[in-house]
Amino acid sequence: MINREQASLSYLGIECNGSIHWNISTFDLISNAIRDHQCQLTSSGALACNTGKFTGRSPKDKYIVADDLTEDSIWWGEVNHKLSTESFESLYRKATLYLSSRNLYVRDVFACAAEAYRLKIRVVTENAWQSLFANNLFLRPKTQELSKFAADWTILSAPGFIGDPKVDDIRSENFTVINFKKKIILIGGTAYSGEIKKAVFTVLNYILPQDREVLPMHCSANVGEGGDTAIFFGLSGTGKTTLSADPMRRLIGDDEHAWDAASVFNLEGGCYAKCVDLSYEKEPQIFNAIRFGALLENVCFHPKRQVVDYTDTSTTENTRAAYPIHFIDNIVVPSVGRAPENIFMLTADAFGVLPPISKLNEAQAMYHFISGYTSKVAGTEIGIKEPQITFSACFGEPFLPLHPLRYASMFGEKLRGSSIKVWLVNTGWTGGSFGNGERIKLEYTRAMVSAALSGQLGRLGFEKHELFEMEMPVSCPGVPAELLNPENAWADKKEYQATARNLAGEFRKNFKRFQAYETQKTHC
């Protein structure tokens with residue numbers, strides 16, 4: 001599986017005193033994880049692990065090395081924090097010294113399903129289940145490809161290595177550092193697997209627009225019987241995975257894609273689905289994918305049984321399942337579709353203001369793309385206990401190393417002059433704000449999306465939202481008509497109007513930061 005001269009990690013500064021397990025089988029990874037008391041098998045055959053102190057991403061502890069390559073290209077600020085070259089080298093030496101004393105697992109994988117853009121990644125971890133995660137989430141090379149594998153990028157994940165904020169120039173004991181010049185991702189102090197996944201996404205968000213003029217997107221995607229592609233933008237918890245796992249359509253991917261001149265392609269080779277309240281009745285494809293070879297994170301069990309209780313969120317709201325995409329029956333192989341005909345922007349509106357579905361014109365689509373409004377869902381990030389209003393540019397601001405207007409400009413070029421239909425879908429609340437209204441039923445959202453895809457939606461016409469001016473359908477098969485205009489679902493119409501005006505004000509306030517940036521560029 002690996003050339004003899006490559007059977008060492010000394011080229012990374014790791015002089016391993018333990019064993020190095022190179023690209024071992026799924027069975028062996030699971031066996032080792034159980035043997036080392038890291039994980040346990042569940043009744044479905046899936047492996048269950050606990051990620052420890054961190055059960056979500058820690059965006060404030062993500063750093064990019066500032067050097068002559070990145071200093072003038074990265075969008076520095078609240079999203080992308082600087083780390084000096086000197087601090088990185090010091091942290092790297094300590095982390096590799098730590099890893100030298102551990103048994104290690106090496107996993108060679110690809111990113112980007114379109115071969116023209118393929119990225120070779122070597123993932124070095126200290127836990128067997130982390131290697132299983134990498135195997136499940138990324139694209140898996142064939143045996144002949146492994147024999148001559150030469151990594152473009154390397155990830156070193158050392159959950160047991162604790163940083164020292166006093167000397168390492170970091171905020172906390174945990175960290176994720178991306179070094180674009182050396183093509184290394186260094187992760188320490190956290191075992192949450194999402195840090196591996198989203199660090200790679202951040203790298204691709206830097207490489208693809210600059211080197212290839214390709215738009216990376218935080219979205220899911222699927223294909224209909226006629227070959228029509230639909231993409232679903234949205235932050236975690238808004239329904240990307242759920243809505244794209246449609247038994248009537250084939251799945252391209254559930255979270256990260258890119259759009260070139262003629263196609264949409266998956267950046268990954270697996271799915272990372274949220275599991276809270278998961279059931280066969282609501283999400284049969286995801287439920288059935290949780291079997292031997294899948295990895296469950298931070299789930300709880302029924303007492304004295306190996307049966308997972310998906311309703312139990314006592315560990316975290318952010319319970320997850322990581323599985324290879326082929327665990328879903330209805331998929332596109334390879335994970336590539338043609339350019340989209342329908343785009344759905346998903347938002348979990350905690351204020352109950354936005355319509356369950358509405359049609360956007362080109363200008364509105366641009367506005368909502370750069371705004372990326374939603375409510376953060378509990379558990380995905382540390383400290384989030386209940387939904388909070390947020391604006392996440394391009395529906396993926398935490399993963400954007402370049403300024404959001406770079407991606408928005410590319411998105412606008414894709415829409416310009418096209419026949420693409422863009423829809424805003426509220427998967428959040430109706431009839432009132434969070435705490436008073438109720439969550440829009442999944443069956444209604446599915447019905448609205450299906451009607452939009454089939455062309456049935458709005459056959460009886462649309463009406464314009466008085467404040468936001470998007471077009472709301474007056475009818476949809478399978479959905480009560482009174483839900484389609486959100487004001488009609490509120491008992492107190494004046495309260496709705498006041499809440500809507502407040503939300504519109506938040507939109508305007510958020511948009512000023514992009515207007516200010518454009519003004520600054522003009523005067524430079």
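Start at 1 with the first residue, then count along the sequence.
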* Walk me through it: do Cys112 and Leu204 pass the test side-chain contact (heavy atoms from CB on, under 4.5 Å)? => CA-CA 9 Å; Cys112 298; Leu204 291 170; 3.9 Å; yes
Full working for side-chain contact (heavy atoms from CB on, under 4.5 Å) between Lys197 and Asp255: CA-CA 10 Å; Lys197 168 184 164 69; Asp255 193 48; 2.8 Å; yes
Assess whether side-chain contact (heavy atoms from CB on, under 4.5 Å) is satisfied between Leu484 and Met472, documenting all intermediate values. CA-CA 7 Å; Leu484 297 173; Met472 305 175 294; 5.7 Å; no
message: Using a strict threshold of under 4.0 Å (side-chain N to carboxylate O), is an ion pair present between Glu317 and Lys274?
response: no
message: Tell me whether the rings of Phe507 and His368 are parallel (<30°), tilted (30 to 60°) or perpendicular (>60°).
response: perpendicular
Result for side-chain contact (heavy atoms from CB on, under 4.5 Å) between Tyr310 and one of Thr319, Asp277, Ile290, Val276 points to Ile290
**Request:** Can you label the angle between the Tyr496 ring and the Trp490 ring as parallel, tilted or perpendicular, going by 30° and 60°?
**Result:** perpendicular
### Message
Would you say the rings of His257 and Phe232 are close, in the sense that their centroids are separated by under 6.0 Å?
### Response
no
Rounding to 0.5 Å, atoms CD (Glu195) and CD1 (Ile187) come to a distance of 6.5 Å
dist Asn135:CG -> Arg140:CZ (nearest 0.5 Å) comes out at 6.0 Å
One should read off an interatomic distance between Cys275 SG and Glu283 CD, to the nearest 0.5 angstrom, of 9.0 Å
- Are more than 12 heavy atoms from other residues, nucleotides or ligands located less than 6.0 Å from atom CD of Glu438? no
Original post:
Could Lys120 and Asp108 be called an ion pair, given the rule that one side-chain N must be under 4.0 Å from one carboxylate O?
Top reply: no
Review item, side-chain donor-acceptor pairs of residues 442-453, under 3.5 Å, at least two apart:
from: Arg446; atom 1: NH1; to: Thr242; atom 2: O; distance (Å): 3.4
from: Arg446; atom 1: NH2; to: Lys282; atom 2: O; distance (Å): 3.2
from: Ser450; atom 1: OG; to: Arg446; atom 2: O; distance (Å): 3.0

Between side-chain atoms of residues 291-299 and protein atoms elsewhere (two or more places apart, or another chain), which donor-acceptor pairs fall under 3.5 Å?
from: Arg291; atom 1: NH1; to: Asn288; atom 2: O; distance (Å): 3.4
from: Arg291; atom 1: NH1; to: Phe327; atom 2: O; distance (Å): 3.2
from: Glu297; atom 1: OE1; to: Tyr272; atom 2: OH; distance (Å): 2.6
from: Glu297; atom 1: OE2; to: Ser193; atom 2: OG; distance (Å): 2.6
from: Asn298; atom 1: OD1; to: Thr51; atom 2: N; distance (Å): 2.9
from: Asn298; atom 1: OD1; to: Thr51; atom 2: OG1; distance (Å): 3.3
from: Asn298; atom 1: ND2; to: Thr51; atom 2: OG1; distance (Å): 3.0

Applying side chain to side chain donor-acceptor pair (under 3.5 Å) to Thr42 and not counting sequence neighbours gives Ser44
Next on the checklist: Distance alone, cut at 3.5 Å: any donor-acceptor contact between the side chains of Asn205 and Thr202?
Outcome noted: no
Notebook entry, point to check: Side-chain donor-acceptor pair under 3.5 Å between Tyr192 and Asn318, yes or no?
Noted result: yes
d(Cys476 SG, Ile357 CD1) to nearest 0.5 Å is 7.0 Å
Rounded to the nearest 0.5 angstrom, the SG-CG distance for Cys219 and Leu235 is 12.0 Å
Across all chains, not counting sequence neighbours, the salt bridge (charged side-chain N to carboxylate O under 4.0 Å, His left out) partners of Asp349 are none
Residue pair Thr176, Lys198: steps toward the side-chain contact (heavy atoms from CB on, under 4.5 Å) verdict:
CA-CA 10 Å; Thr176 297; Lys198 290 306 185 186; over 6 Å; no
With sequence neighbours left out, the residues meeting side chain to side chain contact (heavy atoms under 4.5 Å, CB included) with Pro247 are Gln285
Distance-only donor-acceptor pairs under 3.5 Å for side chains of residues 392-401, two or more places apart:
from: Ser392; atom 1: OG; to: Glu397; atom 2: N; distance (Å): 2.9
from: Glu397; atom 1: OE1; to: Ala393; atom 2: N; distance (Å): 2.9
from: Glu397; atom 1: OE1; to: Arg513; atom 2: NH2; distance (Å): 2.8
from: Glu397; atom 1: OE2; to: Arg513; atom 2: NH1; distance (Å): 3.2

Does the pair Lys493/Glu487 count as a salt bridge with the N-to-O cut at 4.0 Å?
no
Taken to the nearest 0.5 Å, the spacing of Asp254 CG from Ser220 OG works out to 7.0 Å
request  = Would you confirm whether the ring centroid of Phe180 sits within less than 6.0 angstrom of the ring centroid of Trp153?
outcome  = yes
